[in-house]
Amino acid sequence: MLIPDIDLPVYPDECDAFGHLNQASFLSLFERARWEMLMRGPGMDVFTRAGAWPAVRKTVIDYHAAAFPGDVLRFHQTLTHHGRTSFTMRQTARRLKDDALIATAEFVFVCIDREGQPTPVPAEFGDFLNTRRAPGDAQRFTMNGVSLAVEVRGEGPAVLFVHGYPLDRTIWREQIEALEGYRRIAPDLRGMGQSDAPDLGYAMSTYAADLAALLDALAVDDVVLCGLSMGGYVSFEFLRRWRHRVRGLVLMDTRAEADGMEARRARDAAAAAARESGAGAIAEAMLPKLLGPGTTERAPAIVERVRRMVAATPVAGIVGALAAMRDRRDSTDLLPTLDGLPALVVVGEDDVLTPPDAARRMAGAIPHARLVLVPGAGHLPPVERPSETTAALLDFLRVVG
Ligand code: MLT
């Protein structure tokens, strides 16, 4: 069973003179949702029983839309970090009747004893939030001090899927489902999806080091490395340090060039927008660029899936990834050195972020690389055209072995 969602109504006395749910009430609704969730799990007294009180140390709330008296809000809650004495909860409030995202929040807690000293998080609480997951859902691995959510499926030669920004491992859902006979490993990079989102510590080299540590933890020697967009930038960094662990390379909707001055400035502007207006604003700004026109016009479910994914990304992870992308190295010199490494370059025909031209240049610079253009897809072929993308991957994997 998953952590239950909690539905709570908005009362008139919680709203300001204009009828909007006010800030103080937002806080108390988030808190009430947490207690209700405990009530349906280990019990509201789980902390007092263990002599460990969860003291809130930090709260970040992003307000996306107003809520009014009579609205019923659905609270979805996840544990994004579970340390020895501290933990972080992410909570999302959506209006039940139209599914509008109202607010997202992160609460950092430290468990303290009666003397105010840090004390371990009660095991019963951690077990309830960590292990009650649906089959096929992520496992957690702590890499370089950060807890990552990782999906690991199947047996066979390993394929490591690295998602882009500001997305998560579920962009590979259809490929993970389909690639039977392979060990599919798909982490949420730090700061995205269900992984921890520390305030600092983002760089392409750090993301790559997390992946290498993850492979160590899984006792996997080598992989076919499949990176989409920022996942491609991470893959270049991985190759610089752990080339011997890469059996084959798939570069999807990515580019080898570093950011120019204009792109660097745009990264800083996007980070400022994320800090000011939250992940929802980033989702609205990015959606038209992430998806091809065919998807936007004809596949509302995909549009909604991607919107939710981006809007659920912690602001710290967005800001961190933007800085990491802004400061990444140019990898064009790396491409000709990949001689002997089987490589596939995939790009959506309608990708405007990393267009087919960039893919052609990349494929031309890597000795013997193949290029596949996916019709009807923008920047996210695995989501927009899953079967075509899976077919291209399978063809390649058969050659790599
Ligand atoms: C991504 O999808 O990872 C990003 O769009 C890459 C970028 O902004 O350079």
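As a basis for the values below, the full set of heavy atoms in this structure was taken, side chains included, without hydrogen atoms, waters or symmetry mates. Just follow the structure's listing: the first ligand is 1, and inside any ligand the first atom is 1.
Which parts of ligand 1 touch Met230 is read off a 4.0 Å heavy-atom cut-off, strictly below it: atoms 1 (C), 3 (O). Of all atoms in ligand 1, listed by their number and element, those nearer than 4.0 Å to a heavy atom of Gly164 are 3 (O).
Within the structure, salt bridge (Lys or Arg N to Asp or Glu O under 4.0 Å) contacts touching residues 9-18 (residues at least two apart or in different chains) do not occur.
Where the criterion is an N or O separation shorter than 3.5 Å, residue side chain and backbone included, Met286 fails it with respect to ligand 1.
Residue contacts with ligand 1 for Met325 involve side-chain atoms from C-beta outward but no N, CA, C or O (heavy atoms, distance under 4.0 Å). Heavy atoms of Met252 found under 4.0 angstrom from ligand 1: none, in either backbone or side chain.
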What do the steps show when you test His163 against Met309 for side chain to side chain contact (heavy atoms under 4.5 Å, CB included), and what is the final call? CA-CA 12 Å; His163 63 78; Met309 206 185 304; over 6 Å; no
Side chains of residues 197-215: which donor-acceptor partners sit under 3.5 Å, not counting sequence neighbours?
unit_1 : atom_1 : unit_2 : atom_2 : d
Asp199 : OD1    : Lys58  : NZ     : 3.3
Asp199 : OD2    : Lys58  : NZ     : 2.7
Tyr202 : OH     : Pro198 : O      : 2.6
Asp210 : OD1    : Asn144 : ND2    : 2.8
Asp210 : OD1    : Arg190 : NH2    : 3.1
Asp210 : OD2    : Arg190 : NE     : 2.6
Asp210 : OD2    : Arg190 : NH2    : 3.4

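Closest approach of Ala149 and Gln194 over heavy atoms only: CB-CB, 3.7 Å.
The protein atom (non-hydrogen) at minimum distance from atom 8 (O) of ligand 1 is Arg267 NH1, 2.8 Å. Nearest protein heavy-atom contact of atom 9 (O) of ligand 1 is Tyr233 OH, 2.5 Å. Nearest protein heavy-atom neighbour of atom 5 (O) of ligand 1: His379 NE2, 3.5 Å. Here the heavy atom of the protein found nearest to atom 6 (C) of ligand 1 is Ser229 OG, 3.0 Å.
A side-chain donor from one of Arg140 and Ser147 sits under 3.5 Å from a side-chain acceptor of the other. A donor atom on one side chain and an acceptor atom on the other are found under 3.5 Å apart for Asn22 and Ser25.
Seen from the ring of Phe107, Arg34 counts as a face-on cation partner, given the 6.0 Å and 45° thresholds.
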